[in-house]
Amino acid sequence: MSGSAGRWAGRWIEEWDPEDERFWEEGGGKQVARRNLVFSVLSEHIGFSIWSLWSVMVLFMGPEYGVDPAGKFFLVAMPTLVGGVMRVPYTFAVAKFGGRNWTIVSALLLLIPTITAAFVMKPGASYTTLMVVAALTGVGGGNFASSMTNINAFYPLREKGWALGLNAGGGNIGVPAIQLIGLLVIGTAGAAHPRIVLAVYIPLVVLAATLAALYMDNLAPVRNDTGAALAAAKDAHTWIMSVLYVGTFGSFIGYSFAFGLVLQNQFGRTPLQAADLTFIGPLLGSLVRPVGGRLADRFGGARITLWNFLAMAAATGVVIVASRQKSLALFLVGFIALFVLTGVGNGSAYKMIPGIFRRKAEADGLTGEAADAYGRRLSGAAMGLIGAVGALGGVAINLAFRESFLNASSGTPAFFSFLGYYALCYVLTWAVYLRRPVGAPVTAGEAAPAGAAAYAEV
């Protein structure tokens, strides 16, 4: 590792070839990648917590705040919207400034929404002010894109499913973590003390930035590549995977932000009763995400994603029945199953991305390191776009709930729309990545048309 003129100061690794098994196993590559993964997870974890801050703050907002249920759904949608947009520049910041350097900066940026929330979170604050401060927490959503792009560069293709799943899952746990802290505060100090939650997270933000500075590395071979960004944006697979990722991650983050409000408005739960249950689904969905990645490594991401969407549709059916019967117990079973399945789908869908572009390289006649380099180049660029669109799915979910409760005083119409979307994702996954055309070779990938059985193993 060495510094270099013209770069930001920091720990730079000049050569990095994780696909070389000797370098990976004997040259210290695995150890360096794992160290960076650990501290990437920590920073992303805090980022997710701050991003989902307002899913907790709304539980503290009693009648004295003067915000109705529809206003609260819009309030929690705003960070999702900003976070989705921020994922695009955050993706390219890694190559511009270095993964370690940007992790430090992106962690410190989390101080802005936490400190401002501490000032405005009190009765009498205008709705506009609350919306602006909620929007600031969107920087936490950007952390995911830079973290995933960075870790994608550290790991070989054969281990990306597990590594990316672990990185994302550890980050996702930031959602139930802050919800648990909110529960603890409401249960002990009461719903009038939201600033205690912020007092917990401000020092954690500083800690994450400090540890990133001490233990993470920048990869010199990772460069911003405008051509790769444009190529990824023009590639149909980027947008197909974006649609699928809306169904998995968009569902996870949208449900995470909305779950407490749905429980309060559809089943009459108090803030404490809602907080007692809100964290369970996001926690399980986060923990299972690496499992989705590992299953995808073993059986193929497309296969796992396909069956996962079928299971999500079934779980949504359970939620619809429970909503109509007003059965909280059945509703929780179905909704928590949905969270778990979003986690599995998150892991399997993200595993597909580098595999798809690696397979495209092979279809274009590239082999060996050339194919690996092509796959890393385009998949890194595509991840930012896919992650951004996926996060915007969370906005759609909260807006769907808002309209559903405004017009029907129930979330049931929204769940019907989600059911239709999962059916669309199932068909799309099968048609693009698993369908074998008539006359196609038996072995996947042997001159099979791109976008059909050639991608069955991705």
Side-chain angles (χ1 to χ4, degrees), residues 30-53 55 83 87 90-91 94 99-100 102-104 106-107 110 139-155 159-181 200-201 204-205 207-212 214-217 245 248-249 251-253 255-257 279-297 339-351 353-354 383 387 390-391 394:
K30 180 186 289 187
Q31 290 72 25
V32 171
R34 283 180 176 174
R35 186 181 70 244
N36 280 271
L37 176 60
V38 167
F39 295 102
S40 173
V41 167
L42 174 63
S43 180
E44 189 188 345
H45 175 93
I46 303 299
F48 261 95
S49 291
I50 301 306
W51 191 23
S52 53
L53 174 67
S55 72
R87 287 183 169 195
Y90 269 57
T91 297
V94 169
R100 166 192 175 270
W102 185 250
T103 301
I104 298 167
S106 61
L110 299 174
V139 296
N143 282 22
F144 172 86
S146 56
S147 179
M148 293 293 275
T149 301
N150 188 39
I151 295 305
N152 179 59
F154 271 99
Y155 275 82
E159 295 191 26
K160 284 186 190 293
W162 171 250
L164 293 174
L166 192 61
N167 187 59
N172 291 172
I173 291 176
V175 178
I178 195 169
Q179 291 172 343
L180 275 169
I181 291 174
V200 170
Y201 273 92
L204 289 178
V205 168
L207 176 64
T210 302
L211 292 175
L214 292 174
Y215 297 108
M216 291 187 72
D217 303 290
Y245 204 57
T248 58
F249 180 76
S251 295
F252 173 83
I253 200 65
Y255 293 153
S256 295
F257 284 22
F279 73 93
I280 298 172
L283 176 62
L284 294 176
S286 301
L287 290 174
V288 81
R289 182 161 183 164
V291 177
R294 182 64 86 189
L295 288 172
D297 284 338
F339 270 113
V340 172
L341 293 166
T342 63
V344 173
N346 283 340
S348 63
Y350 239 80
K351 158 66 178 178
I353 300 168
M383 280 181 177

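Heavy atoms only, all atoms of each residue included: Asn36 and Asp217 are closest at OD1-N, 2.7 Å. Annotation for Ala208 and Ile46: closest pair CB-CG1, 4.2 Å, computed over non-hydrogen atoms. Closest of all the heavy-atom pairs between Trp51 and Gly140 is CB-C, 3.8 Å. Among all heavy-atom pairs drawn from Ile181 and Val200, the shortest one is CD1-CG1, 3.9 Å. When all heavy atoms of Ala177 and Tyr201 are compared, the closest pair comes out as C-OH, 3.8 Å. Of all heavy-atom pairs between Thr342 and Ser251, the closest is CG2-CB, 3.6 Å.
Looking at residues two or more places apart in sequence or on another chain, you find a ring pair (Phe, Tyr, Trp, His ring centres under 6.0 Å) between Phe339 and Phe259, Phe335. Partners of Asn346 by side-chain hydrogen bond (donor to acceptor under 3.5 Å, both in side chains), not counting sequence neighbours, listed by chain and number: Thr248. In terms of the side-chain hydrogen bond (donor to acceptor under 3.5 Å, both in side chains) criterion, residue partners of Ser348 (sequence neighbours excluded) are, by chain and number, Thr305. Applying the side-chain hydrogen bond (donor to acceptor under 3.5 Å, both in side chains) test to Ser52 and every residue at least two apart in sequence or in another chain returns nothing. Listed by chain and number, the residues in a ring pair (Phe, Tyr, Trp, His ring centres under 6.0 Å) with Phe252 amount to none (sequence neighbours excluded). For Tyr255, the side-chain hydrogen bond (donor to acceptor under 3.5 Å, both in side chains) criterion is met by Tyr422, not counting sequence neighbours.
Counting only heavy atoms from C-beta outward, the side chains of His45 and Ile173 approach each other to under 4.5 Å. Tyr90 is listed as a side-chain neighbour of Trp102, based on a closest heavy-atom distance under 4.5 Å.
Between Phe249 and Phe48, the angle of the ring planes goes over 60°, which puts this pair in the perpendicular group of the 30/60° scheme.
A distance-only check finds a donor-acceptor pair linking the side chain of Arg87 to the backbone of Gly141 [under 3.5 Å]. At least one donor-acceptor pair closer than 3.5 Å links the side chain of Asn172 to the backbone N or O of Ala168. The backbone N or O of Gly165 sits nowhere less than 3.5 Å from a side-chain atom of Arg289 that would complete a donor-acceptor pair. Side chain of Gln179 to main chain of Pro282: no donor-acceptor pair is present (N/O by atom type, distance under 3.5 Å, no hydrogens or angles). For Ser55 (side chain) and Phe257 (main-chain N/O), no donor-acceptor pair under 3.5 Å exists by modelled atom type. Listed for the Ser43 side chain is no donor-acceptor partner under 3.5 Å among the backbone atoms of Phe39. Judged by distance alone, the side chain of Asn143 and the main-chain N or O of Glu44 form no donor-acceptor pair under 3.5 Å.
In this structure, CE in Met383 is found 10.0 Å from OG1 in Thr91, a value given to the nearest 0.5 Å. The CD1 atom of Ile353 sits 8.5 Å away from atom CG of Asn152, with the distance rounded to the nearest 0.5 Å. The CG atom of Leu283 lies 7.0 Å from the CG atom of Leu180; values are rounded to the nearest 0.5 Å. How far CG of Asn167 is from CZ of Phe154: 11.0 Å, rounded to the nearest 0.5 Å. Atoms CD and CG, on Glu159 and Leu164 in that order, are 11.0 Å from each other to the nearest 0.5 Å. The line from OH of Tyr215 to CG of Leu42 is 12.0 Å long, rounded to the nearest 0.5 Å.
Between Tyr245 and Tyr350, the distance separating the two ring centers is shorter than 6.0 angstrom.
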Go through the steps to decide whether Val344 and Val291 satisfy the test side chain to side chain contact (heavy atoms under 4.5 Å, CB included), and finish with yes or no.
-> CA-CA 7 Å; Val344 173; Val291 177; 5.6 Å; no

Salt bridge (Lys or Arg N to Asp or Glu O under 4.0 Å) between Asp297 and Lys160, intermediate numbers included | CA-CA 8 Å; Asp297 284 338; Lys160 284 186 190 293; over 6 Å; no

Show your working on side chain to side chain donor-acceptor pair (under 3.5 Å) between Ser147 and Ser40 and close with a plain yes or no.
-> CA-CA 6 Å; Ser147 179; Ser40 173; 2.4 Å; yes

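When only modelled atom types and interatomic distance are considered, Thr103 and Asn150 share no side-chain donor-acceptor pair under 3.5 Å.
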